[in-house]
Amino acid sequence: MTIIEVPQGWPADPERARAVQDELRARVALDEPGPPPGTGRVTGVDVAYDDAHGLVAAAAVVLDAATLAVVAETTAVGRVAFPYVPGLLAFRELPAVLGALAALDTDPGLVVCDGYGRAHPRRFGLASHLGVITGLATIGVAKNPFVHPHGELGPERGDMAALRGDDGEELGRALRTQRGVKPVYVSVGHRVSLDNACAHTVALAPRYRLPETTRRADRLCRDALTAATSGRA
DNA sequence: GCGACAG
DNA sequence: ATCTTGTCGC
């Protein structure tokens, strides 16, 4: 198996990583609506870790947005490139994710990330970062709340509540994808509007709480990690 | 200074 | 993220 290399100049410490975020943030495009829900392709990306071996496996699964059928899937394995630090998740996950995306031989369309985009301490989460360095349309769908609080939201599928910054700006939304389940947290990454990001998320979760993109990518990267770990060193 | 804190 | 069995519920 091939081990993905960490990109040249990749930050090695939190100080420099934050500086990179502050510099790249200006390149995020927030004025594009992005692809309409239910059309084209939608790609889920996710990673799994094996701390014992210092390995990280990433997966990219491309789905037909209309049928949610799998169109293509790739994986990549690399060395862990950064420790887990809240707010700096991109530096830990992106090298492997970029490897999986590079292995794709088809257009990924909209990329759905596990985590946040704009609703981040410095408004430049994992989804924003991936979008800026690839130019792809991206959104973030997180499973847990992070820094921005939100009010109550209705119990029905599609109900939402704004995630607001200190200045009152709407940075994302808590979104209920199924009746009675905990919400997911949607925020814009790059080249997609928040309305579209939420519409895509609901369309991608017809049956379960999480979007099919993240469910499929999660399962695939775990399998890839198991395969990498069970093989010889 | 002390917690909290995406995955 | 990851360590981990059974169990309550639809």
Side-chain angles (χ1 to χ4, degrees), chain A residues 11 14 17-18 20-21 24-25 28 44-61 75-100 111-132 138-150 155 157 163-166 171-175 177-190 194 197-198 201 206-211 213-226 228-230:
Chain A
R18 293 190 185 92
V20 169
Q21 293 182 324
L24 296 182
R25 184 175 48 236
V28 174
V45 293
D46 193 17
V47 302
Y49 301 95
D50 177 358
D51 292 316
H53 296 76
L55 293 179
V56 52
V61 180
T75 61
V77 177
R79 286 282 173 191
V80 172
F82 203 87
Y84 171 65
V85 180
L88 300 178
L89 188 60
F91 298 94
R92 181 170 170 78
E93 307 206 331
L94 289 192
V97 169
L98 291 171
V111 179
V112 181
C113 301
D114 248 37
Y116 285 84
R118 208 163 169 241
H120 171 276
R122 284 169 296 285
R123 301 191 178 187
F124 195 73
L126 170 63
S128 317
H129 203 142
L130 179 62
V132 165
T138 62
I139 67 173
V141 178
K143 297 180 289 296
N144 298 295
F146 194 17
V147 292
H148 304 100
H150 66 267
R157 169 175 160 84
L163 259 41
R164 295 187 184 285
D166 292 324
L171 302 176
R173 287 177 196 156
L175 168 65
T177 55
Q178 296 293 325
R179 163 189 278 212
V181 303
K182 297 195 313 177
V184 294
Y185 303 84
V186 180
S187 56
V188 161
H190 187 55
L194 182 55
C198 290
T201 302
R207 165 87 213 250
Y208 300 101
R209 175 188 174 230
L210 298 180
T213 37
T214 67
R215 285 169 48 79
R216 289 303 215 321
D218 179 76
R219 197 159 59 85
L220 184 57
C221 69
R222 289 198 205 203
D223 291 346
L225 185 63
T226 298
T229 299
S230 60

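Chain letters run A, B, ... following the sequence lines, proteins first and then strands; every chain starts at 1.
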Determine whether a donor-acceptor pair (N or O, by modelled atom type, separation under 3.5 Å) exists between the side chain of [X] and the backbone of [Y].
X: Arg209(A); Y: Lys182(A); answer: yes
X: His190(A); Y: His129(A); answer: no
X: Arg25(A); Y: Arg122(A); answer: yes

Can you tell me if [X] touches the phosphate of [N], counting only side-chain N or O atoms and a distance under 4.0 Å to OP1 or OP2?
X: Tyr185(A); N: dA6(B); answer: no
X: Lys143(A); N: dA6(B); answer: no
X: Asn144(A); N: dG7(B); answer: yes

Base, sugar-phosphate alone, or nothing: which one does Gly87(A) contact when heavy atoms must sit under 4.0 Å apart?
base

For Tyr49(A), answer base if it contacts any base atom (sugar-phosphate contacts may also be present), sugar-phosphate if it contacts only those atoms, and nothing otherwise; contact means non-hydrogen atoms under 4.0 Å.
sugar-phosphate

Using a 3.5 Å cut-off on both pairing distances, which stems of three or more Watson-Crick or G-U pairs include DNA chain B?
none

Candidate nucleotides [options], ranked by approach to the side chain of [X] - the nearest:
X: Arg92(A); options: dG7(B), dT2(C), dA6(B); result: dG7(B)
X: Ala142(A); options: dC5(B), dG7(B), dT2(C); result: dG7(B)
X: Glu93(A); options: dA6(B), dT2(C), dG7(B); result: dG7(B)

Partner set under side-chain contact (heavy atoms from CB on, under 4.5 Å) for Pro149(A), not counting sequence neighbours
none

Go through the structure and list residues passing side-chain contact (heavy atoms from CB on, under 4.5 Å) with Ala119(A), not counting sequence neighbours.
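Tyr116(A), His148(A), Leu163(A), Leu171(A), Ser187(A).
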
State which residues pass salt bridge (Lys or Arg N to Asp or Glu O under 4.0 Å) with Arg216(A); sequence neighbours excluded, sorted by chain then number.
Glu212(A)

Stems formed with participation of DNA chain C [Watson-Crick or G-U wobble, under 3.5 Å, three or more pairs]
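DNA chain C stems: none present.
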
Quiz: residues 88-99 of chain A side-chain donor-acceptor pairs under 3.5 angstrom, not counting sequence neighbours:
{"residue": "Arg92(A)", "atom": "NH1", "partner": "Phe82(A)", "partner atom": "O", "Å": "3.0"}
{"residue": "Glu93(A)", "atom": "OE2", "partner": "Tyr49(A)", "partner atom": "OH", "Å": "3.0"}

With side-chain contact (heavy atoms from CB on, under 4.5 Å) as the test, pick out the partner of Thr214(A) among Val61(A), Asp46(A), Thr201(A), Val112(A).
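Going through Val61(A), Asp46(A), Thr201(A), Val112(A) one by one, the side-chain contact (heavy atoms from CB on, under 4.5 Å) with Thr214(A) is satisfied by Val112(A) alone.
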
